[in-house]
Peer 1: 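If you scroll down you'll find the structure; I have some questions about it.
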Amino acid sequence: MHTDRLEEYLETILYLVKKNQSPAKTKQIAEELNVSSPSVTEMIKKLHSMGFVEYKPYQGVELTDKGAEEAVRIKRKHQVLETFLAEVLDFDRREAHREACELEHAVSDSVLERLYDFMGNPEYCPDGHPINVDKNNLKREEGFIPLDEMKEGSSGTIVRVTLPRETKERLTSLGIITGEDIEVRRKQKQGCISVMAVGSEIALGRDIAKKIFITPKDKSQ
Amino acid sequence: MKNESSRLAWSEVNGDVIEISSSCCNSSDRDKNNSTYDLTFAFIGNPSVGKSVFFSRLTGVGVEVSNYPGTTVSLKTGNVNVKDRTIEVVDLPGIYSLGVANEDEKVTKRFLIENAPDVIINVLDASRLERNLYLTLQLLELDIPMVIALNQVDLAAELGILIDTDKLSELLGLPVVPTVATWGVGLDEVVLVALGEVGKVQKHHRVRYSQWIRQALSSLDYTFPNTPQSVQTAALLNDAEFVELCCMPPEASAILSTARRLRQNIELDHGISVPDTVARDLYGEAGFIVDSVVSSFEPKKRFRDRVDRVLTSPNFGIAVLISALLVTFLLVFRIGGFLETWIVNDIFEPYIIQPVEAMTLGMSPVLRNLILYSLRGVEAGFAIAIPYIAVFYAILSIFEDSGYLTRAAFLLDNLTHKLGLHGRAVIPLVLGFGCNVPAIMAVHALGTRREKRIASLLISLIPCSARTVIILGLVGTFVGFWPAVSIYVFEIIIIAAMGWILGRTLPGQRSGFIMEMTPLRKPELKSTLRKTWMKSREFLFIAFPLLLAGSAALGIADALGLLSVFQDFVEPVSVGLLGLPAFAATALVFGILRKEMALQILAVLAGTANFAAVMTPVQMYQFAVITTIYVPCVATIAVLKHELGTKDTGMIVTFTIFLSLVAGILIRIFGPLFL
């Protein structure tokens, strides 16, 4: 039971860090796991003493290398189990996810690897996430960089937009949508950035550019 | 087939002389009902495609601006007479898509469904065809007869983009007319072609969506065979408002819930987002169409591109911006001030006010005041509208048409963030120094309501040119130059502090800075004049009624002796708390009509224009600060009410009174230490 909670926490922190590209906040963890903030703080202390996480006041929790390794290992278990339940045993997607959450803490590494081989070493689990996560790529998942880190004159393909629905829709109607190519036209130090998208130039504030992720084109990098 | 019909209309234009005349519609016959018009044409297009120029050229002077019921989105309507038919033309707000992201888009959709225009005239910018087609493809699904006005073909050609209009017309299944709205090329043709399309069933091009979307749509079509495809697509995209407008409630909820299930299935099974996929399909289609109709060549490296680089470069760009703002401010202040003096002293006073004063000598004081004060209201309107607003709008529309405005906003986004706003707010804030009225009118483009509220409050605190008259005329002349400058510094600190506080406390959505950068081009004199005229007229429409009513009420109050009652009533505050002379309160009341009138009335009441003889420096400083802060002038209140509604306007008025009192008391306490 105790290890289960620990693993849940590590997994959640990994998820939040990856999703937000920033340290996980106590409040977010509490919401995600449906527990109270004080108990999160309590657990963070414990994880910290075990050397799994680092806590920066006002910023949040980040995984240490050891913590990331552990979290990735659990995550992988989850993904493999979920894939097995959904693809082989034909479970409903949601049910597969729920079951996997429970099983991941019980299954041993050797059983898991057998299962993985049995399924023919799939690359992605049913919801499109990669099964094999490289822990060095936590911050820069698959070479994405946020738009505000692109250089003037460079171009790339939009891979992810993590903004609220209304803003996302506005961007969509201006041609900024995943899969489209853009080129950075102007960039201010610490300020706005402008991109060419479907033939017209769009200026974006920094806080918006931060949440648009790009795979840069090789030649310009 | 469609080409033939468009050719037919073309030849009609070229052959016979067909009179297209426009006339003014007055509001009373619009209110009665819509049946006075035979047909309704709706203009739709992206922002800054020249749609408004198009519209105003077509309708001439008779444009009526009214809010769409229950919204702050204003629609322009006018009418055009063609071949004995009266056509109502409606200019819908500029939008990028038929989405749900903002009020303009929602209003456009509601208008299209509820008012069912006979023909949509979709204005496209030829230089940005691909992005513009996104909206066009969405509009096509509505199955309303449509005509495309392919505008700015001249600019596109300059940029090396040539468009095969016949091919485009064939691909989309509707007539396409190339136009250059700023020169008036092709405008009449568009209307004639549109007239030819009334009642026709156009065979519109359909977007070929991705496999999963198609499957979902066909299963929706199977379950709800009687609903149009636009409704099915909207349901799949979870646009409940649209579906509910088109269907009866039980059917709407049925189709929405079926669509929700389908959408969730797609998203779970294939890991794709339905709205994103639909949008990508639309862009894919637009890209395909562009590839088949556009032949582009590399334009020669233009001088303009280099200028463009410089305008947003870190150091030089800021230098250009500051000088542009200074020049604007100076021009508005100089030309505006000159024109105002001329209008007031050389036209109104000698030819209207004084003769009427002489004529009404024998009348009862109430009637006489009613007439005189109303005239003064009219005078105030002209003295603000023509000099400041017109000059301001002339300069603004040059900046706007040249594309410089978007570069300025780009540069200043960072700074305005600190005020709880974003780059686009720069424009109205700067406008405020000339006159608060056009500034608040420009707030409409700011996105969320939260930003409109912050910007409006900040603007109503900005010392406009009329307040500058008081600051310079009273403090600058009788107290000193530096004290006058200190009032500006003081004001700017208050504004920055208010922005900072509101930015952190005001609830509501923060919209980030997203703005299309319009290409640089040479502004046209004609379109500048036209825009100036349209905006100035808009101001007259909004502000005049209140200006007249306010002046008349003040006149009656004065005649009935209510003003002295008021003066006695506020004496504990004005004299007791603030330490001002009693007559200053009355002057402040007049300042609501037109800010600089406070100074004129002060001189009348004090019996001298040498204020140093009747007021202490601290009192003068206090009076100037209070007039700049307290209650925005009547015209400003009118536009505030138009943009934000009564409640917020009331709050701003109350707040500014409170703020001016606090400032007045503080000056009374600490002023003597400095002055």
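No hydrogens, no waters, no symmetry mates; every other heavy atom, side chains included, goes into these values. As the structure is a computational prediction, the values presented were derived from the model and not from experiment. Below, read A as the first sequence line, B as the second, and so on, with proteins coming before strands; counting in each chain starts at 1.
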Peer 1: Are any of the side-chain heavy atoms of B:Asp308 and A:Arg186 separated by less than 4.5 Å?
Peer 2: yes

Peer 1: State the CD-CG distance between A:Glu169 and B:Asp239, to the nearest 0.5 angstrom.
Peer 2: 8.0 Å

Peer 1: Pick whichever of A:Leu174, A:Leu171, A:Leu204 has the most heavy-atom pairs under 4.5 Å with chain B.
Peer 2: A:Leu174

Peer 1: Under 6.0 Å from the CD atom of B:Gln211, do we count more than 12 heavy atoms belonging to anything else shown?
Peer 2: yes

Peer 1: Heavy-atom pairs under 4.5 Å with chain B - which of A:Gly175, A:Cys192, A:Ala197 has more of them than the others?
Peer 2: A:Cys192

Peer 1: Any non-hydrogen side-chain atom of B:Met517 less than 4.5 Å from a side-chain atom of A:Arg185?
Peer 2: no

Peer 1: Between B:Leu411, B:Leu129, B:Thr518, who has the most heavy-atom pairs with chain A when the cutoff is under 4.5 Å?
Peer 2: B:Leu411

Peer 1: Minimum heavy-atom separation for A:Gly205 and B:Asp413, please, with both atom names.
Peer 2: CA-OD2, 3.7 Å

Peer 1: Can you establish whether the number of heavy atoms outside B:Arg309 located under 6.0 Å from its atom CZ is more than 12?
Peer 2: yes

Peer 1: Just so I know, are the side chains of A:Ile202 and B:Arg131 near enough to count as touching, which here means a heavy-atom distance under 4.5 Å?
Peer 2: yes

Peer 1: With heavy-atom distances below 4.5 Å as the criterion, would you say the side chains of B:Tyr283 and A:Ile177 are in contact?
Peer 2: yes

Peer 1: Check whether any side-chain heavy atom of A:Gln188 sits under 4.5 Å from a side-chain heavy atom of B:Phe410, and report yes or no.
Peer 2: yes

Peer 1: Quick check for you: to the nearest 0.5 Å, what is the distance between B:Met515 atom CE and A:Glu201 atom CD?
Peer 2: 8.5 Å

Peer 1: More than 12 heavy atoms of other residues, nucleotides or ligands under 6.0 Å from OH of A:Tyr15: yes or no?
Peer 2: no

Peer 1: List the atom of A:Arg170, the atom of B:Ile514, and the distance in Å for their closest heavy-atom pair.
Peer 2: NH2-O, 3.1 Å

Peer 1: Of the non-hydrogen atoms in B:Tyr96 and A:Ser173, which two are nearest, and what is the gap between them?
Peer 2: CB-OG, 3.4 Å

Peer 1: If only side-chain N and O atoms count, and only distance matters, is there a donor-acceptor pair under 3.5 Å linking A:Thr172 with B:Arg280?
Peer 2: no

Peer 1: Is B:Leu237 close to chain A through its backbone or its side chain, or both, or neither, when contacts mean heavy atoms under 4.5 Å?
Peer 2: backbone

